[in-house]
Asks: 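This is the structure I have questions about; it appears just below.
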Amino acid sequence: MQRKVFVVATLCYAAVVGYGALVWPERVALHFGADLHADWYGSRGTAILVAVALGVCMAAAFVGCAALVSRIPLDLLNVPHPSYWKQPEHVAELRRRSAEDMYHLGAVTIFFLAGVLILAVQASTSVDHRLSGAAPILLIGYLGYLTGWTIWLWLRRYRPPAR
């Protein structure tokens, strides 16, 4: 399931890049300061190249991590309750869950990046080249989600079953 959500997130990101390629002006805001105003610009071609490279690298990194988790030595897997999960009879489930979690983290991150890119496209096409107030909300939401998800992983997902 998480792999499918990851694919959907990647396709959404690609759609946002395509949208940006269609609507970006020749001079595109590529970086924003803490005041949400653009402080570095580039060409439309540079913006497309950066957006594509970021998306490809992020997707490849998460797919690579998901694949790697099935091959790396167990002592390199950091997991709550290792005395349970690193027993031979539980290793296959640990690796399956870990790979699924990599796809989940990848999907959430790529959706976040798609949101950032939407806001950057809006800023580049606006008069003042300023990110909307949604930018800090998006960042806080992403970081809050990651914090909650990490706590859930620790307390629920990798908790050994009651015996």
Asks: Report the distance from atom CD of E26 to atom OG of S43, rounding to the nearest 0.5 Å.
Replies: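 Separation between the atoms: 7.0 Å.
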
Asks: Checking R157 against D101 for the side chain to side chain contact (heavy atoms under 4.5 Å, CB included) test, could you report, in this order, the C-alpha distance in whole Å, the side-chain angles of both residues, the deciding distance, and whether it holds?
Replies: CA-CA 10 Å; R157 180 152 170 84; D101 293 340; 2.8 Å; yes

Asks: Describe, in one word, how the ring planes of F112 and Y142 are oriented to each other, choosing from parallel (under 30°), tilted (30 to 60°) and perpendicular (over 60°).
Replies: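 Plane angle under 30°, so parallel.
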
Asks: Around atom CG of N78, are there more than 12 heavy atoms from other residues, nucleotides or ligands closer than 6.0 Å?
Replies: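 No.
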
Asks: Locate the shortest heavy-atom distance separating A21 from I48; write the atom from each residue and the value.
Replies: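 So the minimum-distance heavy-atom pair works out to CB-CD1, 3.5 Å.
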
Asks: Compare all side-chain heavy atoms of L105 with those of L146 and state whether any distance is below 4.5 angstrom.
Replies: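 Touching, per the 4.5 Å side-chain cut-off.
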
Asks: Heavy atoms, side chains only, cut-off 4.5 Å: are S124 and Y41 in contact?
Replies: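 SC-SC contact between S124 and Y41 ruled out.
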
Asks: Give, for atom CD of Q87 and atom CG of L94, the distance between the pair rounded to the nearest 0.5 Å.
Replies: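 CG of L94 is found 11.5 Å from CD of Q87.
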
Asks: Under the side chain to side chain contact (heavy atoms under 4.5 Å, CB included) test against Y103, which residue among V108, V63, V7 passes?
Replies: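 Of the listed options, the one satisfying the test is V63.
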
Asks: Let me confirm one number: the CG-CG distance from L139 to L131, rounded to the nearest 0.5 Å.
Replies: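 It comes to 11.0 Å.
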
Asks: Under the criterion side chain to side chain donor-acceptor pair (under 3.5 Å), which of R159, E89, H90 is the partner of Y84?
Replies: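 Result: among R159, E89, H90, H90 is the only option passing the side chain to side chain donor-acceptor pair (under 3.5 Å) with Y84.
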
Asks: Test side chain to side chain contact (heavy atoms under 4.5 Å, CB included) on W85 and E93 and set out the steps.
Replies: CA-CA 8 Å; W85 287 108; E93 178 65 11; 3.7 Å; yes

Asks: Considering all heavy atoms of both residues, which atom of D39 and which atom of F32 are nearest to each other, and what is their separation?
Replies: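 Closest approach of D39 to F32: OD1-N, 3.6 Å.
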
Asks: In Å, rounded to the nearest 0.5 Å, how long is the span from CH2 of W24 to CG of L30?
Replies: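 Output value for this atom pair is 8.0 Å.
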
Asks: Is it possible for you to say whether L11 and Y19 belong to one hydrophobic cluster, with membership spreading through side-chain heavy-atom contacts below 4.5 Å?
Replies: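 Per the 4.5 Å side-chain linkage, L11 and Y19 are not co-clustered.
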
Asks: Return the minimal non-hydrogen interatomic distance between Y158 and S98, and the atom names on each side.
Replies: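 Nearest heavy atoms, Y158 then S98: OH-N, 3.4 Å.
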
Asks: Please check if V56 and L117 belong to a single hydrophobic cluster, counting links between Ile, Leu, Val, Met, Phe, Trp and Tyr side chain heavy atoms closer than 4.5 Å.
Replies: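 Result: yes, single cluster for both.
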
Asks: Please tell me if the side chains of V5 and F111 come closer than 4.5 Å, counting only heavy atoms from C-beta onward.
Replies: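 When only atoms from C-beta onward are counted, F111 and V5 do touch, with a gap below 4.5 Å.
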
Asks: Minimum heavy-atom separation for A47 to V28, with atom names?
Replies: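 Between these two residues, the closest heavy atoms are CB-CG1, 3.7 Å.
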
Asks: Between the main-chain N or O of L77 and the side-chain N or O of K86, is there a donor-acceptor pair closer than 3.5 Å?
Replies: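 Pair found, side chain donor or acceptor close to backbone of L77.
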
Asks: Between L138 and G115, what is the shortest heavy-atom contact and its length?
Replies: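 What the structure gives for the nearest pair is CD2-C, 3.5 Å.
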
Asks: Between E100 and R97, is the closest basic N to carboxylate O distance under 4.0 Å?
Replies: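 Looking at R97 and E100, the cut-off is not met.
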
Asks: Where is the tightest heavy-atom contact between A9 and A107, given as atom of each residue plus distance?
Replies: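 Heavy-atom minimum between the residues: CB-O, 3.6 Å.
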
Asks: Would a single hydrophobic cluster contain both I110 and I118, if residues Ile, Leu, Val, Met, Phe, Trp and Tyr are joined by side-chain heavy-atom contacts under 4.5 Å?
Replies: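 Yes, same cluster.
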
Asks: Are side-chain heavy atoms of V23 and V121 found at a separation under 4.5 Å?
Replies: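 Yes - at least one pair of side-chain heavy atoms lies under 4.5 Å apart.
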
Asks: Does W154 share a hydrophobic cluster with W152, counting links as ILVMFWY side-chain heavy atoms below 4.5 Å and allowing steps through other members?
Replies: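 Different clusters.
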
Asks: Measure the shortest side-chain to side-chain distance between R95 and L74 over non-hydrogen atoms and say whether it is less than 4.5 angstrom.
Replies: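 Yes, close enough: below the 4.5 Å cut-off.
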
Asks: State plainly whether one hydrophobic cluster holds both L22 and Y13, where clusters connect Ile, Leu, Val, Met, Phe, Trp and Tyr through side-chain heavy atoms under 4.5 angstrom apart.
Replies: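 Yes, same cluster.
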
Asks: State, with a plain yes or no, whether a side-chain heavy atom of W149 is found less than 4.5 Å away from one of H104.
Replies: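 Yes - at least one pair of side-chain heavy atoms lies under 4.5 Å apart.
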
